[in-house]
Amino acid sequence: RKLSKEMNHLDRDINNLKRAEDKAVKECKKLAQNGNVNAAKILAKEIVNTRKQIERMYLSKAQLNSVQMSLQTSISMIKVQGVIGKSVDIMHSMNKLVNIPEMKKVMMEMAREMEKAGLVDEESDDGNGKRNGKSWFSG
């Protein structure tokens with residue numbers, strides 16, 4: 001927030017300097033038309049300095065914007081790290097809940113039972129995709 005406020009403050013200052021520059025340019029033209037060359041030269045130097053100051057303010061604003069973006073990126077990365085950390089914790093919990101050797105044993109038994117059921121189904125099949133005169137696909 002402070003960076004945003006500072007950037008807004010810089011914008012206001014830049015706008016004020018631009019208005020002052022415009023006034024100085026008009027005044028300088030009036031002085032030159034009236035023949036007051038020395039005062040016009042002094043005012044012209046002031047205009048140049050004002051323009052340099054505006055450029056420096058734009059540079060400062062760009063640097064503040066860069067810092068703000070870097071901070072936002074860092075905050076986003078911290079949030080992502082937190083989410084990944086939670087995911088890792090959940091995976092560890094799941095691994096503790098699941099007993100791999102027991103699951104392997106159950107899967108092997110299930111595969112054997114399915115194989116037995118498959119053999120029984122194959123024996124009742126007459127080889128033409130029909131069982132007891134009915135097609136397997138028609139139900």
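Atoms considered below: every heavy atom in the structure, side chains included; atoms not considered: hydrogens, waters and symmetry mates.
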Donor-acceptor contacts under 3.5 Å from residues 20-29 side chains, at least two apart:
unit_1 : atom_1 : unit_2 : atom_2 : d
E21    : OE2    : R51    : NE     : 2.4
E21    : OE2    : R51    : NH2    : 3.1

With sequence neighbours excluded, what pairs up with R19 under the side chain to side chain donor-acceptor pair (under 3.5 Å) test?
N16
Quick one: list whatever passes side chain to side chain contact (heavy atoms under 4.5 Å, CB included) with M57, sequence neighbours left out.
L10, D13, I14, L17
side-chain hydrogen bond (donor to acceptor under 3.5 Å, both in side chains) pairs, two or more places apart, involving residues 72-83
none
For L59, the hydrophobic cluster (side chain heavy atoms closer than 4.5 Å, chained through members) also holds none
Can you tell me how far the CZ atom of R12 sits from the CG atom of N8, to the nearest 0.5 Å?
6.5 Å
Which residues end up grouped with M91 if you chain together Ile, Leu, Val, Met, Phe, Trp and Tyr wherever their side-chain heavy atoms are less than 4.5 Å apart?
none
Joint hydrophobic cluster, M7 plus V67, side-chain heavy atoms closer than 4.5 Å:
yes
Which residue pairs satisfy the salt bridge (Lys or Arg N to Asp or Glu O under 4.0 Å) criterion with at least one member in residues 34-46, sequence neighbours excluded?
none
Mind checking side chain to side chain contact (heavy atoms under 4.5 Å, CB included) for M94 and listing every partner two or more places apart, or none if nothing turns up?
I90, L97
Spacing of I54 atom CD1 and N15 atom CG [to the nearest 0.5 Å]:
9.0 Å
Tell me, which pairs form a side-chain hydrogen bond (donor to acceptor under 3.5 Å, both in side chains) where one or both residues lie in residues 58-70, sequence neighbours left out?
S4-Q68, D11-K61, K18-Y58
Side-chain heavy atoms of E102 within contact of K105, under 4.5 Å:
no
Residues in side chain to side chain contact (heavy atoms under 4.5 Å, CB included) with M107, at least two apart?
M103
Group every Ile, Leu, Val, Met, Phe, Trp and Tyr by side-chain heavy-atom contacts under 4.5 Å, then state whether I42 and I47 land in the same group.
no
What pairs with A39 under side chain to side chain contact (heavy atoms under 4.5 Å, CB included), at least two apart in sequence or on another chain?
L31, N36
Side chains of E6 and K2: closer than 4.5 Å at any heavy-atom pair?
no
